[in-house]
Amino acid sequence: MLKTLNIDVHHVTRIEGHGNIHVEAADGRVLKAEWQVPEAPRFFEAMLRGRSYQDVQTVVCRVCGICSFAHSLASIKATEAAMGIEVSEQTDRLRILAYGGEQLESHVLHVGYLVAPDLVGVNSVVNLVASHPEVVKAVIRAHRLGNDWMELLGGRRTHPVSFRPGGFGKLPTEAELKSLKERLEKIVPDLKLIAETVAALAGRIPAFERPTEYIALAHDGVYTFYHGMIASTDTPERLPVDRFEQVVNEFLVGQSTAKWARWHRDSYAVGALARFKHNHANLHPLAAQTAKMLGLTPQCCNPYFNSIAQVVEAVEVVEAGLDQIEGLLARGIKPEPPCKVKPRAGTGVGSVEAPRGILFHKYTYDDNGVCTAANICIPTNQNHANIQKDFEALVPQVLDGDEARVRLLLEMLVRAYDPCVSCSTH
């Protein structure tokens, strides 16, 4: 066993934002194992005060360039809840369809570019071009499709402009939806190749398990990213999203400029693995087959398998997208302008499943539709405490390894959560 260990990573690579790993051990005893977040707060909630409801979504989608659709949709849902706005079935379907593009783009980016190098034993996806050229090409095609999918439905691939309170901006044509359908069908073999490659490398995923609480949206009959109630593996009770503050219980710690969260335990996890646990019974057929091939089960409590769950979800959103397009084409695209909004005072909460986990937006408006208060709870905020608890459980188990191996295991653990650290210091 190692007599001494001193790991100081500033900053972890292949994640969004800046996060540090600090570990000290002596005489086989762990003295410190910390996940640290040093980024400066960005004060997005303060920026919203005094702004019109028409501007809020445009501001908050800038919280994240990777998850801008998630923030836009959660924001609009919160505004609509505050002002009692109901949208048409077509608007609802188009939003759900649009959101699938972000899930595909983000998951493929994470697994293909950021996680895969660890499984192959190299430092960068660039090295995989020589060793796995066809897989890299498949990742690039799937990533590009996700971006194009977002651009079609959102008006652009980052910071969408088509989502409006009460409706949808520029509607896609039926020809555009048919073209997207064809591209989704053609990407399936690429997703199968990606999944098969990950399955072949799955033996290199660390065998580490730590039971924890898993929280996600759940909705009967559908593997949900958009609608649903808050579900926890620690209780059969489901809560409406407007009670999210009873769930997240945000708090501050000295090692992080970002807030942490906890509910029934000292920490909980959100993200693809949490969603899988709550919604696996509703997977489409190919996604369910992919989960089986990858050895992913609802009982899994290995945080490294969050990336495996992302592979399954990449297949799921393509299958679900095909269903949504068929439904929209069967009904025909109606020329629906966004409904006229009459501002009123109120408070509303909107929630979606961002690629990295459940996301909450809460706004209060005055009679003129001006925002007077805001609260945004980011998925990575909700995962920070769980990463810390994983560190505390993992480090004692691996002290007999060399320092480079321990460092790699910790970096891989952080990357498995796909953290968006800058978002968490919003």
Side-chain angles (χ1 to χ4, degrees), residues 11-19 37-48 51 55-79 95 98-111 113-114 143 146-147 149-151 153-163 216-217 225-226 244 248 250 256-261 270-272 275 306 310 313 317 350-363 374-384 387 414-415 417-426:
H11 308 285
V12 179
T13 58
R14 282 184 272 134
I15 66 170
E16 193 289 325
H18 292 161
V37 175
E39 285 206 26
R42 297 158 67 206
F43 304 114
F44 266 88
E45 290 138 327
M47 292 182 207
L48 297 180
R51 291 188 177 271
D55 301 329
V56 167
Q57 178 264 142
T58 304
V59 174
V60 297
C61 74
R62 268 77 180 173
V63 170
C64 183
I66 303 172
C67 298
S68 61
F69 275 51
H71 285 284
S72 292
L73 292 170
S75 174
I76 285 177
K77 290 176 75 175
T79 296
R95 289 177 180 177
Y99 198 30
E102 181 164 272
Q103 299 290 340
L104 176 64
E105 179 273 335
S106 181
H107 284 352
V108 170
L109 182 157
H110 180 243
V111 175
Y113 298 152
L114 309 182
H143 188 223
N147 278 319
W149 183 352
M150 290 190 289
E151 187 169 10
L153 278 299
R156 56 187 178 191
R157 60 191 59 187
T158 304
H159 310 319
V161 293
S162 292
F163 306 145
L217 289 179
F225 295 91
Y226 191 74
F244 81 95
V248 301
E250 291 182 299
S256 173
T257 53
K259 295 176 182 177
W260 290 13
V270 300
R275 286 190 292 266
N306 188 62
Q310 289 182 329
E313 289 190 341
V317 295
S351 179
V352 299
E353 281 285 342
R356 287 146 193 82
I358 193 167
L359 166 69
F360 303 102
H361 281 238
K362 178 181 179 181
Y363 309 136
N375 186 17
I376 303 172
C377 187
I378 308 291
T380 299
N381 285 111
Q382 298 169 72
N383 274 332
H384 282 318
I387 295 173
V414 172
R415 280 192 281 271
Y417 279 89
D418 195 9
C420 193
V421 179
S422 298
C423 294
S424 72
T425 60
H426 61 279

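None of these values were measured; they are calculated from a predicted model.
- With sequence neighbours excluded, the residues that form a side chain to side chain donor-acceptor pair (under 3.5 Å) with Lys362 are Glu245.
- For the side chain to side chain donor-acceptor pair (under 3.5 Å) test, no residue two or more places apart in sequence or in another chain qualifies with Thr380.
- Heavy atoms of other residues, nucleotides or ligands lying less than 6.0 angstrom from CZ of Arg42 number more than 12.
- Heavy-atom minimum distance, Tyr99 versus Pro355: OH-CD, 4.1 Å.
- Atom CD in Glu102 sits 10.0 Å away from atom NE2 in His107 (nearest 0.5 Å).
- Scanning both residues, Pro379 and Val270, for their nearest heavy atoms gives O-CG2, 3.5 Å.
- Paired with His110 under the rule side chain to side chain donor-acceptor pair (under 3.5 Å), one option of Glu105, Gln310, Arg415 passes, and it is Gln310.
- Contact of the Val414 side chain with the Ile387 side chain is registered, since non-hydrogen atoms from C-beta on lie closer than 4.5 Å.
- For the atom pair SG of Cys423 and CZ of Phe44, the computed distance is 8.5 Å after rounding to the nearest 0.5 Å.
- With sequence neighbours left out, the ring pair (Phe, Tyr, Trp, His ring centres under 6.0 Å) criterion links Phe244 to Phe360.
- When only modelled atom types and interatomic distance are considered, Ser256 and His384 share no side-chain donor-acceptor pair under 3.5 Å.
- Nearest heavy atom pair, residue Thr425 against residue Ala40, reads OG1-O, 3.6 Å.
- For Ala374, the side chain to side chain contact (heavy atoms under 4.5 Å, CB included) partners at least two apart in sequence or on another chain are Glu45, Leu48, Tyr363, Cys371.
- Using a distance-only test at 3.5 Å, with no hydrogens or angles considered, a donor-acceptor pair links the side chain of His159 to the main chain of Cys61.
- Evaluation of the salt bridge (charged side-chain N to carboxylate O under 4.0 Å, His left out) rule for Arg14 yields Asp118 as partners, not counting sequence neighbours.
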key: side-chain contact (heavy atoms from CB on, under 4.5 Å) evaluation trace for Leu114 with Ile15   = CA-CA 7 Å; Leu114 309 182; Ile15 66 170; over 6 Å; no

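- Qualifying side chain to side chain contact (heavy atoms under 4.5 Å, CB included) partners for Glu250, counting only residues two or more places apart in sequence or in other chains: Val248, Lys259, Asn375, Cys377, Asn381.
- Judged as a side chain to side chain donor-acceptor pair (under 3.5 Å), and not counting sequence neighbours, Ser351 has no contacts.
- Judged by distance alone, with hydrogens and angles left aside, the side-chain atoms of Ser68 form no donor-acceptor pair with the main-chain N or O of Arg62 at under 3.5 Å.
- Between Ser162 and Gly155, the shortest heavy-atom distance links the atoms OG-N, 3.4 Å.
- Side-chain atoms of Thr79 do not come within 3.5 Å of backbone N or O of Ile76 as any donor-acceptor pair.
- The two residues Phe163 and Ser72 have their closest heavy-atom pair at CD1-CB, 3.9 Å.
- Remark: Cys420 SG to His426 NE2 distance equals 11.5 Å, nearest 0.5 Å.
- In terms of the side chain to side chain donor-acceptor pair (under 3.5 Å) criterion, residue partners of Ser422 (sequence neighbours excluded) are, by chain and number, Glu16, Glu39.
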Verdict with supporting geometry, Asn383 and Arg356, side-chain contact (heavy atoms from CB on, under 4.5 Å) = CA-CA 9 Å; Asn383 274 332; Arg356 287 146 193 82; 5.6 Å; no

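- With values rounded to the nearest 0.5 angstrom, Arg95 atom CZ is found 4.5 Å from Tyr226 atom OH.
- Note: Ile358 CD1 to Ile378 CD1 = 12.5 Å, rounded to the nearest 0.5 Å.
- To the nearest 0.5 Å, atom CD of residue Gln382 and atom CH2 of residue Trp260 are 14.0 Å apart.
- Scored by the ring pair (Phe, Tyr, Trp, His ring centres under 6.0 Å) test, His18 finds His11 as partners (sequence neighbours excluded).
- Legend: residues meeting ring pair (Phe, Tyr, Trp, His ring centres under 6.0 Å) with Tyr417, ordered by chain and number and at least two apart, are absent.
- His71 meets the ring pair (Phe, Tyr, Trp, His ring centres under 6.0 Å) test with His361; sequence neighbours excluded.
- The nearest pair of heavy atoms linking Val56 to Ser75 is CG1-OG, 3.6 Å.
- For the salt bridge (charged side-chain N to carboxylate O under 4.0 Å, His left out) test, residues two or more places apart in sequence or in another chain that qualify with Glu353 are Arg275.
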